[in-house]
Amino acid sequence: MRNLKVLLKYDLLKLVNFFRGKKREKSIYAGIFALVFAGLGIFALYTAQAWSMYFGLAPLGLSKVCLFHGFMVAFMVLVIFAIMRSAAAKKHGDSDLLMSLPLKKSQIVLSKTFTKYAMDFALAFVAIMPFVVLYQVYEGFNIFELLSGLILTLILPLFSIGLSYIFNFIIARVFNRTRYSSMLKSLTATILMIAVLALLFTKTFGYGTVNPMGLSEYFADRPITSQLLYFTLNQGFLPKLYVVLLCVVPFILGLCLFAKNFGQEEVGYASKSTALNFKASKNGFLRFFKKEVRFYFS
């Protein structure tokens, strides 16, 4: 337990140092302040968006559309975060360092998982709870709906973490040993994020044309987010079972794959050629030009 606390503190300091800058000129308290300020700023933006949507749509009987929008955006953002984590370059990974210390592999895996969970929970909370609370304001307070919304913010990050671990395992097995691994990972992540954003645009386009009498058909065309909505509004047992399985199954599978693959993510491409090739010196301009191109497209 003591080692786990040390690892959690280590991960927290890494996050705070990110907000302190590369040269670490600012104090650690400045990093903590920047982290908290960024979180509050995002929460304020989502709250303002939720208020503006309810202000315009609630009088038309479309409060459920506002709540639905909060769930859809949060779900899509968590998916994008999972993709970004999977394709992120790991040039300065600490897995080798941690594995060399007298620490259990399970403790390292749990600490990293808990750190990711804390970040995704904070994101899910600021993206979902403003819509849940304002739904109570416009449609009447219901303690069970409020608790269901809070429970959803607690379990939804499990889906994001599991998805990122599954993506990371696949990418490590497919791309890391290829010559152009960085380019292929970046290209794959870009295509996936474009697809997710296009899907988000498609599914949120036309909010103003939704008929209150046709909400059931509108939600039926969006199966995942509609189940998140029904889960929060306590509309049946099946949505709760569906959401729990959606979050828990990928998380368990991803955690097992992450534990199996931990310490092997950074295995890269190695040429098996033993021949010595001597090439004539190329034009200096072209050499530096190609170097710049590789840098900007990496």
Side-chain angles (χ1 to χ4, degrees), residues 15 19 32-82 84 116-161 163 196-197 199-210 212 215 218-219 222-235 239-240 242-244 246-247:
L15 179 61
F19 286 87
I32 295 174
F33 175 80
L35 176 62
V36 174
F37 183 79
L40 292 176
I42 297 174
F43 183 77
L45 289 174
Y46 274 101
T47 302
Q49 183 194 37
W51 182 85
S52 64
M53 287 193 68
Y54 276 102
F55 183 79
L57 296 180
L60 302 177
L62 298 176
S63 294
K64 287 185 178 180
V65 173
C66 303
L67 188 60
F68 172 88
H69 174 79
F71 292 143
M72 174 171 284
V73 171
F75 183 80
M76 291 297 186
V77 170
L78 288 175
V79 171
I80 291 175
F81 263 56
M84 291 173 61
K116 291 181 176 65
Y117 174 82
M119 294 180 62
D120 288 2
F121 168 74
L123 181 61
F125 184 88
V126 300
I128 291 177
M129 290 311 295
F131 288 90
V132 173
V133 172
L134 286 176
Y135 184 84
Q136 306 295 310
V137 173
Y138 279 91
E139 298 298 323
F141 179 74
N142 187 316
I143 185 62
F144 297 106
E145 292 178 355
L146 186 62
L147 290 177
S148 297
L150 183 58
I151 292 173
L152 183 63
T153 62
L154 288 170
I155 65 175
L156 193 58
L158 299 179
F159 171 80
S160 173
I161 296 171
L163 190 64
V196 170
L197 292 174
L199 181 63
L200 176 63
F201 174 79
T202 302
K203 295 302 182 180
T204 58
F205 185 77
Y207 276 156
T209 61
V210 179
L215 283 180
Y218 180 80
F219 294 146
R222 296 147 177 85
I224 295 179
T225 315
S226 62
Q227 297 303 311
L228 301 179
L229 177 69
Y230 300 147
F231 179 96
T232 303
L233 298 181
N234 298 308
Q235 296 183 1
K240 293 187 179 298
Y242 177 88
V243 172
V244 171
L246 176 69
C247 297

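Given the structure is predicted, the values throughout are model-derived calculations rather than measurements.
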ring-ring contact (aromatic ring centres under 6.0 Å, His included) involving Phe131 - partner list, sequence neighbours excluded: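 For Phe131 the ring-ring contact (aromatic ring centres under 6.0 Å, His included) partners, ignoring immediate neighbours, are His69.
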
With Tyr46 via ring-ring contact (aromatic ring centres under 6.0 Å, His included) - residues at least two apart: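 Not a single residue meets the ring-ring contact (aromatic ring centres under 6.0 Å, His included) criterion with Tyr46.
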
If you measure from [atom1] on [X] to [atom2] on [Y], what distance do you get to the nearest 0.5 Å?
{"X": "Leu229", "Y": "Phe71", "atom1": "CG", "atom2": "CZ", "value": "6.0 Å"}
{"X": "Tyr242", "Y": "Leu228", "atom1": "OH", "atom2": "CG", "value": "8.0 Å"}
{"X": "Glu145", "Y": "Gln235", "atom1": "CD", "atom2": "CD", "value": "8.0 Å"}
{"X": "Cys247", "Y": "Leu154", "atom1": "SG", "atom2": "CG", "value": "10.5 Å"}
{"X": "Leu67", "Y": "Leu62", "atom1": "CG", "atom2": "CG", "value": "12.5 Å"}
{"X": "Ile224", "Y": "Met76", "atom1": "CD1", "atom2": "CE", "value": "7.5 Å"}

Chi angles and distances behind the side-chain contact (heavy atoms from CB on, under 4.5 Å) call for Phe125, Leu150: CA-CA 8 Å; Phe125 184 88; Leu150 183 58; 4.2 Å; yes

Between [X] and [Y], what is the shortest heavy-atom contact and its length?
{"X": "Glu139", "Y": "Ser63", "result": "OE2-OG, 2.6 Å"}
{"X": "Ile128", "Y": "Ala74", "result": "CG1-CB, 3.6 Å"}
{"X": "Val126", "Y": "Leu123", "result": "CG2-O, 3.2 Å"}

Should we say atom [atom1] of [X] is surrounded by more than 12 heavy atoms from elsewhere, each under 6.0 Å from it?
{"X": "Phe37", "atom1": "CZ", "result": "no"}
{"X": "Tyr54", "atom1": "OH", "result": "yes"}
{"X": "Phe141", "atom1": "CZ", "result": "yes"}

For the side chain of [X] and the backbone of [Y], is there at least one donor-acceptor N/O pair under 3.5 Å apart?
{"X": "Gln136", "Y": "Asn142", "result": "yes"}
{"X": "Ser160", "Y": "Leu156", "result": "no"}
{"X": "Lys240", "Y": "Phe231", "result": "yes"}

Pair listing, salt bridge (charged side-chain N to carboxylate O under 4.0 Å, His left out) test, anchored in residues 119-131, at least two apart: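 Found Arg85-Asp120.
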
Worked verdict on Met53 versus Leu134 for side-chain contact (heavy atoms from CB on, under 4.5 Å): CA-CA 10 Å; Met53 287 193 68; Leu134 286 176; over 6 Å; no

Verdict with supporting geometry, Tyr230 and Val243, side-chain contact (heavy atoms from CB on, under 4.5 Å): CA-CA 10 Å; Tyr230 300 147; Val243 172; over 6 Å; no

Phe43 vs Pro130 side-chain heavy atoms within contact, under 4.5 Å: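 Heavy-atom side-chain distance check passes, below 4.5 Å.
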
Side chain proximity check, Tyr117 to Ile161, heavy atoms < 4.5 angstrom: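 Yes - at least one pair of side-chain heavy atoms lies under 4.5 Å apart.
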
Working for side-chain contact (heavy atoms from CB on, under 4.5 Å), residues Thr153 and Val132: CA-CA 11 Å; Thr153 62; Val132 173; over 6 Å; no

Mutual orientation of the aromatic rings belonging to Phe55 and Trp51 [parallel < 30°, tilted 30-60°, perpendicular > 60°]: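 Parallel, since the angle between the ring planes stays under 30°.
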
